[in-house]
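The block underneath contains the structure these notes are about, expressed in structure tokens.
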There are 2 protein chains.
Amino acid sequence: MLDAEERILDAAVEAAAVHGITRLSVADVAKRAGLSRPTLYKHFPSKEALIAAAVQREAGAMVGAVNTVVDGIDEPRAALRAGVLLALRLVRDHPLLDRVVRTEPEVLVPLLTTDEGLVMSAIRLPVEQMVARKFPHLDAVAVRRLADILTRLLVSYALNAPDDPPEIVAALVAAVLADGAASLPSIAAHTVTEETR
Amino acid sequence: MLDAEERILDAAVEAAAVHGITRLSVADVAKRAGLSRPTLYKHFPSKEALIAAAVQREAGAMVGAVNTVVDGIDEPRAALRAGVLLALRLVRDHPLLDRVVRTEPEVLVPLLTTDEGLVMSAIRLPVEQMVARKFPHLDAVAVRRLADILTRLLVSYALNAPDDPPEIVAALVAAVLADGAASLPSIAAHTVTEETR
DNA sequence: AGATTGACAGATGTGGTAAAAGTGTCAACA
DNA sequence: TGTTGACACTTTTACCACATCTGTCAATCT
């Protein structure tokens, strides 16, 4: 049998994807995990801690996957494009994130505005580390600023799906951030077909 | 005496900045404009039309100001920087916009997500036209994509104020979009002092 | 003993309703 | 012609009874 806490986190993500974040109840999570509420409270001290652990696990998995892809490519612009592409696909295909953005986006507002941009700062850290590894010639300040721009674009694409497919967007962002507007015409239609998995 | 409709729009913006968008009442607007509700309804057929006219006027003024500044500068990167700087200052100093983002950002959610990104598409049009004028060597598709990125960044900065001052952000965005990451180190501290008005 | 659970107290959220405020439109007035 | 008090209708607010949920026991089971 899987680790109990992993099973509980799976149940939490599943329940949230079905009923939404605002309607998430620990009774529902416990039932899906095959145990009762008091047992669940032995593993997680509160509902808030349960949610925090779940989002941390989901976000960590995404960051790890993107990190792996990025580190497997030497050339900065190609690595950037592959990382952005994977990130776009992960957020688009994540059932819970998709559910929240589509049906209850208002819960994201406090995370994006009030809490000093909690989401922004959480995403910016791994993004900044990746940028630092791929653009070693940039100093720390330039890295931070480039990471800020990239983070804002990623959040924007996650909240408001672009018209173009992820392959185009990834190639576009990588081209502009790496080489500026002058490199834009190099993003031709063939990029789509050859990159489509 | 000023034109009645202009006075009504002034009153509407003022009332919304004080009481918020959700608490905006046409009785309040009428009182501030120095007339009664029935008279106000002679000028605007409904509350919805009044709000639409107000945001259209405010947005139009901003777009016009940015357009003027951008068209006064030939060099693309400098024009881009000046336009972004002015846009950042305008949104930061706009009392109503500031009030909405700070105290009732949830009203922005439907505008940014559901309505097919009504705000995004409204802002993208003038941005796209400016980009097309300043980067004439780019084809229509490249212009649209560059404008999309610029629009997303502007909206992001409006919703979530950056750590750096507008002068830095403007120089940064202009440098990256025009020439890519390689041009980043050229954004030094002197840029701030010499640009601060 | 260690893990699990039914059951409880307090907090939180839901549904329904009556009062209040707001919208849009008259006919009457200046 | 331009303005407004007053009206019907809709939407919002305030309240309360009720249901649900959270977090924590002591009791139960293995």
Side-chain angles (χ1 to χ4, degrees), chain A residues 1-56 96 99-100 103-111 114-115, chain B residues 1-56 96 99-100 103-111 114-115:
Chain A
M1 193 203 280
L2 278 96
D3 183 38
E5 301 196 350
E6 286 299 317
R7 217 174 60 245
I8 294 175
L9 293 181
D10 288 340
V13 172
E14 179 186 330
V18 172
H19 295 330
I21 291 279
T22 59
R23 304 293 181 179
L24 181 70
S25 76
V26 325
D28 187 14
V29 175
K31 179 179 288 185
R32 287 174 188 273
L35 40 78
S36 72
R37 289 189 307 113
T39 308
L40 189 151
Y41 275 98
K42 298 291 182 183
H43 297 277
F44 298 95
S46 70
K47 178 181 179 178
E48 186 181 348
L50 170 65
I51 294 178
V55 315
Q56 199 163 342
L96 173 52
R99 166 70 143 89
V100 172
T103 74
E104 41 185 3
E106 61 276 1
V107 311
L108 298 175
V109 169
L111 300 176
T114 53
D115 302 344
Chain B
M1 194 201 281
L2 278 94
D3 184 35
E5 302 196 351
E6 287 298 316
R7 217 172 63 243
I8 294 174
L9 292 181
D10 288 339
V13 172
E14 178 186 331
V18 173
H19 290 50
I21 292 278
T22 58
R23 305 291 182 181
L24 181 71
S25 76
V26 324
D28 187 13
V29 175
K31 179 178 290 184
R32 288 175 188 272
L35 40 78
S36 72
R37 292 186 308 112
T39 307
L40 190 152
Y41 275 98
K42 298 291 182 182
H43 295 277
F44 299 95
S46 69
K47 177 181 180 178
E48 186 180 348
L50 170 64
I51 294 178
V55 316
Q56 198 163 342
L96 173 52
R99 165 69 144 87
V100 171
T103 74
E104 42 184 4
E106 61 275 0
V107 311
L108 298 174
V109 170
L111 299 176
T114 52
D115 304 342

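Within every chain, numbering begins at 1; the chains are lettered A, B, ... in the order of the sequence lines, protein sequences first and strands thereafter.
Using modelled atom types, one side-chain atom of R7(B) and one backbone atom of A33(B) make a donor-acceptor pair closer than 3.5 Å.
What separates CG of L40(A) from P of dC25(D) is a distance of 17 Å, to the nearest Å. Atom OH in Y41(A) sits about 14 Å away from atom C1' in dA9(C), given to the nearest Å. If you take CG of D28(A) and C1' of dG13(C), they are 17 Å apart, rounded to a whole angstrom. Atom pair K47(A):NZ and dT24(D):C1' shows a separation of 17 Å (rounding to whole Å applied).
Taking only side-chain nitrogens and oxygens, T39(A) comes nearer than 4.0 Å to OP1 or OP2 of dT5(C).
Within a 6.0 Å sphere centred on NZ of K31(A), heavy atoms belonging to other residues, nucleotides or ligands number 12 at most. More than 12 heavy atoms of other residues, nucleotides or ligands shown are found within 6.0 angstrom of CD on E104(A).
For DNA chain D, the residues of residues 12-25 of chain A within the heavy-atom distance limit of 4.0 Å (strictly under) are L24(A), S25(A), sorted by number.
With respect to V13(B), the side-chain contact (heavy atoms from CB on, under 4.5 Å) criterion is satisfied by exactly one of V29(B), V18(B), L96(B): L96(B).
Interface remark: the R37(B) side chain does not form any donor-acceptor pair with the dG22(C) base, using a distance-only criterion of under 3.5 Å.
Nearer the 5' end of DNA chain D, as judged by each residue's closest nucleotide, is the contact made by A27(A), out of A27(A) and K42(A). Annotation: of the two residues near DNA chain C, H43(A) and E48(B), the 5′-most nearest-nucleotide partner is H43(A).
For L35(B), the listed nucleotide lying nearest its side chain is dT4(D); candidates were dT5(C), dT4(D), dG23(D).
Within the model, atoms CG of L108(B) and CD of E106(A) stand 13.0 Å from one another, a figure rounded to the nearest 0.5 Å.
For the pair I8(A)/L35(A), a side-chain contact is recorded, criterion being any heavy-atom separation below 4.5 Å from C-beta on.
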